[in-house]
Amino acid sequence: MTLATKHFLVLQITLTLLLLTWLGSALAETIDPKLSNPRCLKCHGKEDYSRKDENGIPRDLSIRSGDFEHSVHGELDCVSCHQDITKPKHRKGIERSVDCVDCHTDLWNQALVLGTTEQNKRLGEIAQQIDSYLNSVHAQPSTDNPSQPNARCYDCHDAHYLQPFDAVTEASDRMDTPEVCGRCHTEQRDDYFISVHGQENLEGNQDAATCIDCHTPHSIEKPKELTGRLVITQNCGGCHQENLGSYMQTYHGKVTLLGYSETAKCFDCHGSHGILRLDNPLSKMHADNRLESCQDCHANATQGYVSFQPHGTTHDFEKYPEMWIASKFMIGLLIGTFGFFWAHTALWFYREYRDRKEGKNRLHIDTEFLSIDGKTHFNRFGPWWRLAHLIGAVSIMIATLSGITLLYAESSWAPVLVKVLGGPQTAGIIHRIGAVGFMGVFFVHLVYFTIHIGRNLKTFQWFGPNSLIPNWQDIKDIGYMFMWFIGREPRPRFDHFTYWEKFDYWAPFWGMMIIGISGAMMWFPEITAAYLPGWVFNVAAIVHGEEAFLAAVFLFTVHFFNNHFRPDKFPQDITMFTGKVPLEIYRHEHRKEFDRLVASGELEKYLVDAPSRPMDRASRALGATLILFGLFLLTLVLSGFIGV
């Protein structure tokens with residue numbers, strides 16, 4: 001649209017509105033005296049004036065003239081709104097055709113064109129309310145009479161006595177809302193007045209919740225539909241902020257934060273219009289009724305559900321000691337683990353960078369250690385180890401991706417990500433697939449080692465050079481490593497497994513115990529609640545989330561640094577994909593084992609050819625993909641942790 005066209009349209013609208021204004025004034029000046037307000041009030045000004053409608057039901061048509069004259073519409077002629085009335089006698093066939101929407105919309109459009117919006121701020125607020133109303137359930141066609149909406153403005157706002165808007169009238173109108181809404185919603189009104197909210201309203205408590213506090217004044221949606229359920233849940237927090245905050249930390253609340261309505265909302269548990277105090281024997285959440293209420297959604301719920309704490313917090317030891325202890329334990333674990341390993345990582349980077357810069361770590365290999373066939377690589381991992389690592393890595397990443405959408409449901413990216421995953425239910429299935437994949441690797445691994453150790457029980461060296469079991473030498477190596485970090489000792493020589501490799505190996509055992517058990521408890525709640533109290537779900541959610549955070553951040557920072565990002569490894573190490581490591585690198589990193597194999601003459605049987613070119617390229621591509629995806633997950637986890 002050109003600038004000239006825009007100017008022409010503005011001019012056209014301005015002239016049209018001015019013409020309408022002039023016509024309205026002209027009509028007002030020449031109005032038929034028989035249709036003037038005094039003439040109307042001769043009948044409608046009578047007390048208890050009424051006429052029967054088409055159904056024979058008396059319809060109150062009386063107007064209190066004094067109150068009308070002091071209302072916001074008091075200066076208007078009756079027929080300015082009741083434009084279908086063209087003669088004094090209109091006892092039959094008159095439809096209520098007053099259109100508040102068009103009138104106020106036209107006035108606001110006129111203010112926009114004339115530039116008088118600042119002088120008509122209230123009119124602008126009304127225009128916004130009209131937009132909300134037109135998108136609400138009240139503006140939708142009535143099922144009884146599709147030609148009419150469910151409710152018009154004047155069904156809620158008494159246009160004849162509408163007072164200027166201020167704090168006093170707002171408070172008064174709000175307190176009267178239950179009676180106004182009850183004209184149509186009689187059953188809900190009756191339930192409300194016996195509820196804790198209604199009783200407070202009757203006692204004059206200005207803070208008592210009324211219909212518009214829960215349903216909003218104009219943007220009213222059907223409570224059973226998605227938007228309505230979400231809006232009402234958020235509105236409960238207008239009064240019950242702490243309870244809403246604790247609810248949002250539960251599975252029910254996190255799904256709500258993501259914008260889905262599948263899980264229980266406040267009114268599903270507490271009731272809607274007839275909410276009673278918890279100590280009331282008729283309350284849905286009374287101790288005697290709670291299990292039955294839970295069974296509305298969880299048909300197989302057992303007694304353990306009753307002691308679940310939907311509003312439990314980790315900062316109140318007196319009320320929720322189990323949650324407090326679990327939270328403080330996990331925080332201590334996080335601080336201890338990251339405090340040690342991040343310091344270890346920073347010092348390692350510093351020392352390795354300095355040594356490489358000074359040429360101290362220049363790798364080389366003496367030709368006397370090469371086999372006669374010219375094989376230059378050490379065969380470190382067989383195909384089953386590599387397959388287990390790949391399945392485990394992919395499974396962990398799948399579980400992390402699907403799990404953090406719920407863990408950080410309040411983050412800006414979580415709703416987008418969960419939508420990409422197909423919604424919370426599908427994301428839950430994906431999460432369990434990842435969990436089963438990782439647990440499968442874990443248990444197959446346990447079975448393998450059980451059989452292997454069982455067959456070689458007499459000769460198996462529990463603390464031998466090839467054992468993954470930590471020993472005193474590992475403690476010494478940690479000390480030597482820190483001495484090397486600060487330049488007090490040379491770099492220690494390691495055997496087949498270093499102490500950080502052993503930690504990487506044993507960490508999943510701990511993680512599997514915490515994440516696996518807590519996850520299984522939440523996966524099968526009916527079985528869990530049949531044997532354990534409900535507060536274990538609160539504890540399970542805490543430790544599951546915190547341990548998952550620990551595992552993800554550790555893997556994508558410390559583990560990635562140890563194996564890919566330190567100066568001697570950057571940008572990646574593909575040993576776990578090819579199974580082979582260049583001999584000069586192996587000699588540098590596992591010098592103790594290397595020297596032992598040379599001394600025993602066994603080195604040659606571990607030597608292999610370098611990976612083929614396709615294998616090398618594929619391994620690098622796969623490794624880079626997993627590293628980049630891991631860093632993407634790390635970014636999401638950290639942004640969710642800090643609340644972005």
Centroid-centroid distance, F509 to F442, less than 6.0 Å: yes
Enclosure of E262 CD (heavy-atom neighbours >12, cutoff 6.0 Å): yes
For side chain to side chain contact (heavy atoms under 4.5 Å, CB included), just list the numbers for L636 and Y408, CA-CA rounded to whole Å, side-chain angles, deciding distance to a tenth of an Å, and then say yes or no. CA-CA 9 Å; L636 294 182; Y408 299 117; over 6 Å; no
R566 and E589 ion-paired at < 4.0 Å: yes
What orientation do H564 and H559 show, parallel under 30°, tilted 30 to 60°, or perpendicular over 60°? perpendicular
Correct closest heavy-atom pair for D477 and P492 would be O-CG, 4.3 Å
T498 vs M481, test: side chain to side chain contact (heavy atoms under 4.5 Å, CB included). Steps then yes/no. CA-CA 11 Å; T498 64; M481 196 71 164; over 6 Å; no
Is a side-chain donor or acceptor of D191 paired with a backbone partner of G274 at a separation under 3.5 angstrom? no
Check: F438 and P508 side chains under 4.5 Å, non-hydrogen atoms: yes
Gap between atom NZ of K284 and atom CG of D296 - 0.5 Å precision: 5.0 Å
Distance from M397 atom CE to F629 atom CZ, nearest 0.5 Å? 7.0 Å
Could you measure the distance from the CD1 atom of I478 to the CZ atom of F482? Nearest 0.5 Å is fine. 7.5 Å
So for atom NZ, which belongs to K328, do other residues, nucleotides or ligands contribute more than 12 heavy atoms lying within a distance under 6.0 Å? yes
May I ask you to decide if the ring planes of W348 and H344 are parallel, tilted or perpendicular, using 30° and 60° as cut-offs? perpendicular
Identify the heavy atoms of T302 and A530 that sit nearest to each other, and give their distance. OG1-N, 3.3 Å
Test side-chain hydrogen bond (donor to acceptor under 3.5 Å, both in side chains) applied to K580 and T575, step by step: CA-CA 5 Å; K580 304 172 182 181; T575 301; over 6 Å; no
Hey, do the aromatic rings of W324 and Y320 have their centres closer than 6.0 Å? no
Between V418 and the options V255, L258, L406, the side-chain contact (heavy atoms from CB on, under 4.5 Å) test singles out L258
List the atom of T216, the atom of I220, and the distance in Å for their closest heavy-atom pair. O-CG1, 3.3 Å
Using ring centroids (six-membered ring only for Trp), state whether F556 and F560 fall under 6.0 Å. yes
Please work out which of the three classes, parallel, tilted or perpendicular, describes the rings of H252 and F308, given edges at 30° and 60°. perpendicular
Closest approach of L626 to V394 (non-hydrogen atoms, all atoms of both residues): CD2-CG2, 4.3 Å
Within a 6.0 Å radius of atom CD on E602, are there more than 12 heavy atoms belonging to other residues, nucleotides or ligands? yes
Value rounded to 0.5 Å, distance of CD1 in I396 from CG in L633: 11.0 Å
When every non-hydrogen atom of V539 is compared with those of M323, the smallest separation belongs to CG2-N, 4.3 Å
Mind checking whether H286 and L278 have side chains closer than 4.5 Å, heavy atoms only? no
Show the numbers, then the answer: is there a side-chain hydrogen bond (donor to acceptor under 3.5 Å, both in side chains) between S639 and W413? CA-CA 9 Å; S639 65; W413 46 263; 3.0 Å; yes
Looking only at the side chains, is there a donor atom on one of K254 and T256 sitting less than 3.5 Å from an acceptor on the other? no
Around atom CD of E292, are there more than 12 heavy atoms from other residues, nucleotides or ligands closer than 6.0 Å? no
Is it the case that the ring center of F594 lies less than 6.0 angstrom away from the ring center of H590? no
Kindly assign one of parallel, tilted or perpendicular to the pair H298 and Y305, based on the angle between their ring planes and the thresholds 30° and 60°. tilted
Any pair with a residue in residues 492-511 that passes salt bridge (charged side-chain N to carboxylate O under 4.0 Å, His left out), sequence neighbours left out, goes on the list, sorted by first then second residue, please. R380-E501, D474-K502, R493-D595, D495-R596
Chi angles and distances behind the side chain to side chain contact (heavy atoms under 4.5 Å, CB included) call for T426, L421: CA-CA 7 Å; T426 304; L421 294 176; 5.7 Å; no
Taking all non-hydrogen atoms of both residues, which atom of I275 and which atom of H197 are closest, and how far apart? CD1-CE1, 3.9 Å
Check whether more than 12 heavy atoms from other residues, nucleotides or ligands sit under 6.0 Å from atom CZ of F641, and answer yes or no. no
Proximity of H544 and F537 rings by center, below 6.0 Å: no
dist M512:CE -> L446:CG (nearest 0.5 Å) comes out at 9.0 Å
Do the rings of F549 and F338 sit parallel, tilted or perpendicular, given the 30° and 60° boundaries? perpendicular
Would you call the rings of H445 and Y505 parallel, tilted or perpendicular, taking 30° and 60° as the class edges? perpendicular
The ring-ring contact (aromatic ring centres under 6.0 Å, His included) partner of W500 among F341, F554, W506, F494 is F494
